[in-house]
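Below is one structure, written out as structure tokens; the observations come after it.
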Protein chains: 2
Amino acid sequence: MFLNQTSQYALRAMAGLIVADQTGPLKSKELAKKTEIPSHYLSKIMRKMVEAGFIESKKGHGGGFLLKKPLKQIRIIDVLHATGFDMEDQPCVFGWDQCSDCNPCPLHPVWKRLKESFNDWAFNTTLEDVRRENRLVSEERFNLTSGR
Amino acid sequence: MFLNQTSQYALRAMAGLIVADQTGPLKSKELAKKTEIPSHYLSKIMRKMVEAGFIESKKGHGGGFLLKKPLKQIRIIDVLHATGFDMEDQPCVFGWDQCSDCNPCPLHPVWKRLKESFNDWAFNTTLEDVRRENRLVSEERFNLTSGR
DNA sequence: TATTCAATAGACTTGTAAATCCATTGAAAT
DNA sequence: ATTTCAATGGATTTACAAGTCTATTGAATA
């Protein structure tokens with residue numbers, strides 16, 4: 001869908017990291033394998049996550065990436081911003097330089113609603129939600145397969 | 001933002017066409033100028049709109065593009081489909097081949113909500129909405145500038 | 001019929017996000 | 001100290017969407 005590959009990879013990588021059993025730092029290569037992201041490309045994305053303060057990196061023996069911030073404090077929008085995506089930078093869909101509520105292009109009202117839904121999602125969803133909902137599913141599956 | 005340039009152009013072109021004073025067919029070049037879409041590229045997009053049955057084209061003298069269907073019957077999703085965009089074709093954001101409600105990837109629940117908002121918008125917004133809301137704005141402005 | 005206009009078709013070029021490659025840095029272990 | 005491991009930086013390549021160019025088709029006008 002709509003977000004560019006880099007942003008999608010970033011979400012995927014963060015999700016992959018938080019879902020992993022956290023017994024020490026997770027290596028870029030392992031995460032790459034797990035998430036099927038080209039490993040060298042992933043490295044660059046992970047650097048951005050480090051710079052944004054979401055994770056920290058350890059070089060050398062036993063190195064890799066570790067979560068640094070509470071998941072609750074990392075919103076989807078933060079991850080997107082860290083990859084360079086910013087809704088505010090997006091040009092008017094109709095191509096106007098100065099499109100706004102006061103000076104709306106023909107698509108403005110309609111497009112605005114889409115942006116609002118997107119923002120509603122991106123600002124109100126955190127990586128904690130990702131983890132929680134993933135847990136719920138795993139538990140359900142466990143209950144099923146364990147025969148209760 | 002997220003939709004590719006071609007899809008955005010398609011929305012822009014349709015909006016440009018319906019907002020134009022409809023005194024006969026609108027030429028591709030005129031529409032291109034109005035919407036600031038590269039004219040030859042626009043031609044290709046307009047062809048898709050013709051094939052989808054939204055508009056018809058007239059060649060030669062006095063030719064151009066005309067609306068064919070009632071605006072109410074053209075949803076945003078239809079325009080997007082006509083340009084080749086299909087939400088159902090979008091691969092799992094986590095990269096899984098078989099990701100579904102029954103077999104959800106770690107991002108599935110969260111991503112699903114985004115898709116639902118998007119679909120809600122794309123399926124429930126028509127070009128009639130685009131026209132109506134544009135009209136409302138124009139009238140408001142008229143009332144202001146006419147000094148009432 | 002000849003001329004002009006405008007869409008159509010398809011080959012070709014451009015721009016840039018995505019992906020790869022390789023050399024370097026820095027940390028841990030022995 | 002030396003070796004090994006893994007992240008980092010930056011140059012380069014690839015792939016493909018976006019955009020351009022040119023020739024053709026087909027309709028209206030006179």
Side-chain angles (χ1 to χ4, degrees), chain A residues 1-13 17 20 24-52 54-68 80 83-86 89-91 93 95, chain B residues 1-13 17 20 24-68 80 82-86 89-91 93 95:
Chain A
M1 187 179 14
F2 18 54
L3 294 168
N4 67 15
Q5 191 67 282
T6 304
S7 296
Q8 290 194 40
Y9 279 167
L11 290 174
R12 193 194 293 193
L17 186 60
L26 185 60
K27 283 181 280 187
S28 183
K29 266 206 177 160
E30 283 169 3
L31 185 58
K33 201 173 181 183
K34 184 188 175 72
T35 55
E36 294 180 274
I37 299 173
S39 83
H40 288 92
Y41 198 60
L42 174 61
S43 292
K44 297 196 187 314
I45 294 171
M46 294 311 274
R47 191 81 257 284
K48 293 177 199 274
M49 300 300 103
V50 171
E51 279 161 11
F54 306 148
I55 59 178
E56 65 179 323
S57 65
K58 292 214 173 302
K59 282 185 171 182
H61 242 115
F65 299 100
L66 283 171
L67 277 165
K68 197 178 172 184
L80 299 183
T83 62
F85 174 92
D86 194 333
D89 293 344
Q90 305 304 318
V93 64
Chain B
M1 186 182 13
F2 18 53
L3 294 168
N4 68 15
Q5 192 67 281
T6 304
S7 296
Q8 290 194 41
Y9 279 166
L11 291 174
R12 194 193 294 192
L17 186 60
L26 185 61
K27 282 182 282 188
S28 183
K29 266 204 177 162
E30 283 169 3
L31 186 57
K33 202 172 179 182
K34 185 188 175 70
T35 56
E36 293 180 278
I37 298 173
S39 83
H40 288 92
Y41 198 60
L42 173 62
S43 291
K44 295 191 191 314
I45 295 171
M46 293 311 274
R47 192 81 257 283
K48 293 177 200 274
M49 301 300 103
V50 170
E51 280 162 10
F54 305 149
I55 59 178
E56 65 180 322
S57 64
K58 293 214 174 299
K59 281 185 172 183
H61 242 115
F65 299 99
L66 284 170
L67 277 165
K68 195 177 174 187
L80 299 184
T83 62
F85 175 91
D86 194 333
D89 293 345
Q90 304 304 317
V93 64

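Computed from a predicted model, the values in this text were never measured in an experiment. Here is the naming used below: chain letters follow the sequence lines, and residue numbers restart at 1 for every chain.
The distance from atom CE of Met49(B) to atom P of dT8(C) is 12 Å, rounded to the nearest whole Å. Atom CG in Asn4(B) sits about 15 Å away from atom C1' in dT16(C), given to the nearest Å. dA27(C) atom P lies 13 Å from atom CD of Glu56(A), rounded to whole Å. The nearest whole Å value for the distance from the CG atom in Leu3(B) to the P atom in dA17(D) is 15 Å. Summarising the geometry, the separation between CD1 on Ile55(B) and P on dA6(C) is reported as 16 Å, rounded to the nearest angstrom. One interatomic measurement links the two molecules: CG of Leu42(B) to C1' of dT20(D), which rounds to 14 Å at whole-angstrom precision. Between the P atom of dG10(C) and the OH atom of Tyr41(B) lies a distance of 17 Å, rounded to the nearest Å. Taking atom CD1 of Ile45(B) as the reference point, atom P of dT20(D) lies 12 Å away to the nearest angstrom.
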(request) For each nucleotide in nucleotides 6-11 of chain D, reading 5' to 3', give B when a protein heavy atom comes within less than 4.0 Å of its base, S when such contact involves only the sugar-phosphate, and - otherwise. (result) SSBSBB
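Every residue two or more places apart in sequence or in another chain that forms a side-chain hydrogen bond (donor to acceptor under 3.5 Å, both in side chains) with Ser7(B) is listed here: Asn4(B), Thr83(B). With sequence neighbours left out, the side chain to side chain contact (heavy atoms under 4.5 Å, CB included) criterion links Thr35(B) to Phe94(A), Arg12(B), Leu31(B), Ile37(B). Every side chain to side chain contact (heavy atoms under 4.5 Å, CB included) that Lys58(A) has, sequence neighbours left out, goes to Glu56(A), Leu66(A). Partners of Lys48(A) by salt bridge (Lys or Arg N to Asp or Glu O under 4.0 Å), not counting sequence neighbours: none found. A search for side-chain hydrogen bond (donor to acceptor under 3.5 Å, both in side chains) contacts involving Thr6(A) returns Tyr41(A), not counting sequence neighbours.
Ion pairing between a basic and an acidic side chain is recognised when a charged N comes within 4.0 Å of a carboxylate O; Glu30(B) and Lys34(B) show no such pairing.
Remark: Tyr9(A) is in phosphate contact with dA19(C), judged by side-chain N or O atoms under 4.0 Å from OP1 or OP2.
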